[in-house]
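Numbers restart at 1 for each chain; the letters A, B, ... are given by sequence-line order, proteins then strands. Just so it is clear, the structure is predicted and the values come from calculations on it, not from any experiment.
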Amino acid sequence: MATLKAVRGTRDLLPPETELWNRIEATARRVFARYNFGEIRTPIFEDTALFARSVGEETDIVSKEMYTWEDRARAQSEKAQSLTLRPENTAGVVRAYIEHKLGESGQLQKLYYIGPQFRRERPQKGRYRQFWQIGAEAIGPPSSGSESPLRDAEVLEMLATLLDELGIKGWTLELNSVGSSADRARYNEVLRTALVSVAPKMCVDCQRRAVTNPLRVLDCKVPEDQPLIESLPKIGDSLGAEAKEHFAAVVAALDSAGVPYILNHRLVRGLDYYTRTTFEFTHGGLGAQNALLGGGRYDGLSEALGGPRAPGIGFAMGLDRLVLTLQAGDLNQESAPPQVALDAYIAPLGENLNAAALTLARELRRAGFNVELGDGSFRLKKSFEAADKIARRIVILGEDELQSGILTVKDFTRGTQTKVPRAELAAFLATAAGE
RNA sequence: GCGGCUGUAGUUCAGAGGCAGAACGCCUGACUGUGGCUCAGGAUGUCGUGGGUUCGAUCCCCACCAGCCGCCCCA
């Protein structure tokens with residue numbers, strides 16, 4: 001019988017790597033809390049229409065990368081429904097915002113999420129079919145200040161802080177404004193028109209993009225095309241006065257706060273709902289998947305989903321890519337991830353001592369120590385070998401120790417061996433640990 | 001979805017149309033209640049899966065699966 005494997009583009013995360021994942025998530029939660037973001041957890045699958053209406057019918061994500069299936073009716077009273085594994089989480093958050101009338105509080109809603117997303121792409125390093133995103137959204141009625149450029153700047157400043165606290169070195173913040181949806185549509189036509197004469201001189205990919213999706217021409221990496229792209233109209237020139245002013249205020253706030261960024265007038269994003277401020281944090285060393293996170297403002301999204309006016313700004317960061325970046329950094333620094341050793345390894349000398357050993361382990365564990373429990377069938381030598389690999393100390397529990405109530409404790413890092421009365425063991429471990 | 005490279009022990013990797021290899025790790029002993037160092041021994045395995053060519057295929061051919069690189073796209 002064929003053995004079963006994790007399906008293409010999915011993978012198991014195992015210790016000790018999961019320790020790094022947990023550390024990243026804990027850091028994110030800590031930072032978000034300082035900015036008054038609270039956690040939201042939305043379902044992993046949603047009505048397919050949610051993504052079609054938010055991300056955009058014509059985007060690659062919706063048109064060819066979603067895991068969609070027909071959820072059959074199981075009774076007369078039910079009706080069939082098209083469901084989709086979420087390819088991103090902003091749509092779900094905004095849907096929840098509308099459904100629970102969060103805007104009625106009048107307060108700005110600051111929500112973050114951590115969870116798996118699904119896209120049926122060709123897997124590569126840093127690109128998986130089930131991947132993890134950490135994201136946040138600041139959304140609310142205009143009267144809550146949700147539209148303020150301050151919100152954009154605050155989110156960007158928070159991200160810079162988060163990446164710094166995660167220990168990610170050498171990130172770059174790229175920033176742009178794509179204007180209102182009207183501005184964006186206007187620019188799309190300006191660009192399409194300009195490309196009519198320019199595109200024939202460009203690479204084949206660009207010739208195709210010029211027709212199907214002009215904005216994507218700006219992403220072209222072919223060296224020969226670069227001068228031609230620079231000669232094309234810039235989106236900044238198509239922005240309305242309001243969008244220009246908004247963007248200038250975002251930039252001014254970042255300057256004041258000392259957050260470094262570069263303006264990239266060619267930064268356009270793939271999801272239809274983005275308006276005005278858009279951004280990406282990138283990092284070299286991730287190969288073709290160099291975006292650590294991306295995001296932007298989505299001022300019309302709530303209305304597009306049938307909700308009230310609720311401008312917002314948010315981002316999603318690729319947790320898998322953060323892990324890769326941090327792991328690569330560790331290798332460069334030759335600093336092996338310091339495996340936190342257990343406080344003690346308890347070694348019963350004989351199977352008749354197993355029960356007593358479990359009791360001792362229970363006491364220590366309840367006192368807050370990290371303890372591994374050996375087996376009495378092990379020879380002492382094997383217990384030492386096993387203990388030395390994972391614990392700072394071995395606690396020997398033989399007949400002598402059981403009778404006398406005096407345990408033998410050997411500290412591997414110091415090479416010292418001590419007799420400790422059982423009642424004082426916890427205190428002994430605590431003291432020694434603090435030194 | 002397209003193009004290219006790769007797939008051999010738990011891990012990292014050699015290998016050659018004719019007995020399946022190394023290092024590290026693992027197990028046993030030297031050492032009966034003392035690890036690390038050393039020494040002596042031992043087990044690693046559907047050679048990614050399925051077909052084909054051949055006296056014989058892990059090696060050559062085809063298909064499939066998976067990973068990686070690029071495109072595409074995005075986090």
Side-chain angles (χ1 to χ4, degrees), chain A residues 1-11 14 55-56 58-65 86-90 114-135 159 203-206 208-209 212-213 215-216 219-222 267-271 274 278-283 286-296 314-325 345 347-350 353 374 376 378-401 408-413 415-417:
Chain A
M1 176 147 66
T3 54
L4 296 169
K5 303 187 297 182
V7 304
R8 186 165 164 83
T10 71
R11 63 213 175 113
L14 306 170
V55 175
E58 301 306 317
T59 60
D60 279 13
I61 293 177
V62 171
S63 64
K64 50 191 189 198
E65 296 177 358
R86 63 186 185 196
E88 59 98 55
N89 217 329
T90 298
I114 299 176
Q117 319 292 337
F118 307 84
R119 292 180 201 173
R120 198 178 180 288
E121 297 182 275
R122 177 101 171 225
Q124 246 176 72
K125 187 199 284 282
R127 194 170 81 180
Y128 309 98
R129 291 184 167 186
Q130 174 176 335
F131 59 103
W132 290 71
Q133 285 188 335
I134 299 178
L159 284 167
C203 68
V204 288
D205 282 332
C206 281
R208 177 175 46 76
R209 293 172 181 133
T212 60
N213 196 347
L215 290 178
R216 292 258 79 89
D219 285 338
C220 178
K221 293 171 192 115
V222 176
L267 177 69
V268 291
R269 304 196 49 75
L271 283 61
Y274 284 118
T278 58
F279 57 87
E280 242 174 50
F281 282 73
T282 57
H283 193 278
L286 275 173
Q289 278 63 244
N290 69 343
L292 280 175
L293 70 92
F315 65 86
M317 51 204 304
L319 186 43
D320 310 76
R321 292 181 186 179
L322 289 177
V323 169
L324 284 171
T325 304
Y345 180 101
L349 304 187
L353 291 157
F378 291 177
R379 293 180 50 191
L380 188 58
K381 174 185 160 76
K382 180 170 173 179
S383 291
F384 264 79
E385 286 171 351
D388 191 31
K389 288 194 183 87
I390 59 175
R392 293 184 53 193
R393 312 176 196 83
I394 185 168
V395 176
I396 297 163
L397 180 62
E399 290 295 348
D400 295 349
E401 285 82 1
T408 304
V409 180
K410 180 147 190 179
D411 189 306
F412 291 125
T413 53
T416 57
Q417 187 157 316

Original post:
Whole-Å distance between rC74(B) C1' and Asp320(A) CG?
Top reply: 13 Å

**OP:** Using the P atoms only, state how far rC2(B) lies from rC72(B), rounded to an integer number of Å.
**Re:** 16 Å

Original post:
Where are the stems of RNA chain B, defined as at least 3 consecutive Watson-Crick or wobble G-U pairs with both distances under 3.5 Å?
Top reply: B:1-7 with B:65-71, B:10-13 with B:21-24, B:26-30 with B:38-42, B:48-52 with B:60-64

**OP:** Please work out whether the ring planes of Phe279(A) and Phe315(A) are parallel, tilted or perpendicular, with thresholds of 30° and 60°.
**Re:** tilted

**OP:** In whole angstrom, give me the gap between the C1' atoms of rU44(B) and rU8(B).
**Re:** 13 Å

Subject >> Cationic N near anionic O, under 4.0 Å, Lys389(A) to Glu385(A) >> reply: no

**OP:** Please name the pair of heavy atoms, one in Ile61(A) and one in Pro87(A), separated by the smallest distance, quoted to 0.1 Å.
**Re:** CG2-CB, 3.6 Å

**OP:** Take atom P in rA57(B) and the same atom in rG48(B), then report the distance between them in whole Å.
**Re:** 15 Å

**OP:** Answer with base, sugar-phosphate or nothing: what part of the nucleic acid does Leu292(A) contact at a heavy-atom distance below 4.0 Å?
**Re:** sugar-phosphate

**OP:** Sticking with atom P, work out how far rC13(B) lies from rG56(B), rounded to a whole angstrom.
**Re:** 35 Å

Original post:
Going from CG on Leu353(A) to CD1 on Ile396(A), what distance comes out if it is rounded to the nearest 0.5 angstrom?
Top reply: 12.0 Å

**OP:** For atom CD of Glu58(A), decide whether the heavy atoms of other residues, nucleotides or ligands shown that lie under 6.0 angstrom number more than 12.
**Re:** no

Original post:
For the side chain of Arg129(A) and the backbone of Glu121(A), is there at least one donor-acceptor N/O pair under 3.5 Å apart?
Top reply: yes

Subject >> Sequence-aligned protein contact record of nucleotides 25-37 of chain B, with B where the base is within under 4.0 Å of a protein heavy atom and S where only the sugar-phosphate is >> reply: -S--S--SBBBB-

**OP:** May I ask you to test the Thr278(A)-Val268(A) pair for a side-chain heavy-atom distance under 4.5 Å?
**Re:** no

Subject >> Atom P, compared across rG15(B) and rC69(B): separation rounded to whole Å >> reply: 23 Å

Original post:
Looking at rC73(B), does its base get a donor-acceptor pair with the side chain of Arg120(A) below 3.5 Å?
Top reply: no

**OP:** For rU53(B) and rU11(B), measure between their P atoms and round to the nearest Å.
**Re:** 34 Å

Original post:
Are the side chain of Glu88(A) and the backbone N or O of Thr90(A) linked by a donor-acceptor pair below 3.5 Å?
Top reply: yes

Original post:
Hey, does Lys125(A) have a side-chain heavy atom less than 4.5 Å from the side chain of Arg321(A)?
Top reply: no

Subject >> Rounded distance in Å between the P positions of rU34(B) and rA40(B) >> reply: 23 Å

**OP:** List the protein contact pattern of nucleotides 63-72 of chain B with one symbol per nucleotide (5' to 3'): B for base contact, S for sugar-phosphate-only contact, - for none; contact means a heavy-atom distance under 4.0 Å.
**Re:** --SSSSBBBB

Original post:
Just by distance, do the side chain of Arg393(A) and the backbone of Ala387(A) share a donor-acceptor pair under 3.5 Å?
Top reply: no

**OP:** Look at Asp320(A) together with Arg11(A) and state whether they make a salt bridge at an N to O cut-off of under 4.0 Å.
**Re:** yes

Subject >> Whole-angstrom distance between rG41(B) and rG33(B), as gauged at atom C1' >> reply: 25 Å

